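FYI, the numbering just counts along the sequence from 1. The structure displayed is predicted, hence computed values, not measured ones.
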Amino acid sequence: MIATATVEANTPENPDKVEGWHDLFARYVESKREADTFHAEVIDPLHRDEMKRFPVWPARGQPEHELAREWRTDSGFEAASERFESLVEAYAALADELLKRPAPDAKAALWKFDYLFSDFNEDGYLSGGWARSFCSQALSDIRRFLGAA
């Protein structure tokens with residue numbers, strides 16, 4: 001179990017950034033839920049239908065290629081994919097902002113580490129490949145919360 005440490009919102013090291021972190025996180029959770037729901041209810045059924053019609057995507061030049069492209073437009077798959085992409089971009093922007101802000105407590109810092117370091121590929125390597133600049137605030141948070149450890 002992780003002990004929760006609270007950082008004062010008005011300290012010089014955290015001006016205005018800690019305050020509002022949890023509200024921003026709630027917006028992130030809702031935004032991600034909306035994207036996940038849209039994927040499950042719209043994209044997945046369209047994808048299953050596509051796979052039934054075109055188990056192997058036809059190569060350019062094959063007569064079926066133009067039919068497959070037309071199906072994607074007529075079925076709404078293209079529009080749904082664009083909508084899903086915008087939903088993903090929205091929650092990713094919120095996650096980016098959360099990662100940039102100092103964590104207000106250890107639970108928030110743990111979320112950052114889970115977000116940054118829990119996506120492993122099938123070979124067991126981290127998928128993110130995050131830049132140091134992207135991880136620096138999360139590392140600062142951990143140093144701050146573990147400083148007394």
**Item:** Residue pair Asp141, Lys112: steps toward the side-chain contact (heavy atoms from CB on, under 4.5 Å) verdict
**Value:** CA-CA 9 Å; Asp141 292 336; Lys112 288 182 176 191; 2.5 Å; yes
Kindly compute the distance separating [atom1] ([X]) from [atom2] ([Y]), expressed to the nearest 0.5 Å.
{"X": "Lys100", "Y": "Glu97", "atom1": "NZ", "atom2": "CD", "result": "5.5 Å"}
{"X": "Phe25", "Y": "Ser31", "atom1": "CZ", "atom2": "OG", "result": "12.0 Å"}
{"X": "Ile43", "Y": "His47", "atom1": "CD1", "atom2": "NE2", "result": "10.0 Å"}
{"X": "Leu46", "Y": "Glu78", "atom1": "CG", "atom2": "CD", "result": "10.5 Å"}
{"X": "Asp96", "Y": "Glu89", "atom1": "CG", "atom2": "CD", "result": "11.0 Å"}
{"X": "Arg143", "Y": "Leu139", "atom1": "CZ", "atom2": "CG", "result": "5.0 Å"}

Restricting to non-hydrogen atoms, name the atom on [X] and the atom on [Y] that form the minimum distance, rounded to 0.1 Å.
{"X": "Ala103", "Y": "Phe145", "value": "O-CZ, 3.7 Å"}
{"X": "Phe38", "Y": "Ala80", "value": "CE2-O, 3.3 Å"}
{"X": "Phe113", "Y": "Ala138", "value": "CE1-O, 3.5 Å"}
{"X": "Gln137", "Y": "Arg101", "value": "CG-O, 3.4 Å"}
{"X": "Pro45", "Y": "Val42", "value": "CD-O, 3.3 Å"}

**Request:** Using a strict cut-off of less than 4.0 Å between a Lys/Arg side-chain nitrogen and an Asp/Glu carboxylate oxygen, indicate whether Arg33 and Asp36 qualify as a salt bridge.
**Result:**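 No, Arg33 and Asp36 are not salt-bridged.
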**Prompt:** So, are Arg53 and Asp49 salt-bridged, with charged N and O less than 4.0 Å apart?
**Reply:**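 Judged by the 4.0 Å cut-off on N to carboxylate O distance, Arg53 and Asp49 do form a salt bridge.
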**Prompt:** Sub-3.5 Å donor-acceptor pair from the side chain of Ser86 to the main-chain atoms of Arg83, do we have one?
**Reply:**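 Confirmed, Ser86 side chain pairs with Arg83 backbone.
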**Heavy-atom donor-acceptor pair, Trp21 side chain to Leu98 backbone, under 3.5 Å** =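 Looks like yes, one N/O pair under 3.5 Å.
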**Message:** Just checking Tyr28 against Trp111, ring centres under 6.0 Å apart?
**Reply:**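 Aromatic pair counts; centres sit under 6.0 Å.
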**Prompt:** Is Val29 linked to Phe84 within one hydrophobic cluster, defined over Ile, Leu, Val, Met, Phe, Trp and Tyr using a side-chain heavy-atom separation of less than 4.5 Å?
**Reply:**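 They do share one cluster, since a chain of ILVMFWY contacts under 4.5 Å joins Val29 to Phe84.
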**Message:** Once side-chain hydrogen bond (donor to acceptor under 3.5 Å, both in side chains) is applied, what residue pairs with a partner in residues 60-69 remain, sequence neighbours excluded?
**Reply:**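 Not a single pair qualifies under side-chain hydrogen bond (donor to acceptor under 3.5 Å, both in side chains).
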**Message:** Please evaluate residues Trp57 and Glu50 with respect to the criterion side-chain contact (heavy atoms from CB on, under 4.5 Å), reporting the C-alpha separation (whole Å), side-chain torsions for both, the decisive distance (0.1 Å), and the verdict.
**Reply:** CA-CA 9 Å; Trp57 189 257; Glu50 178 184 50; 3.1 Å; yes
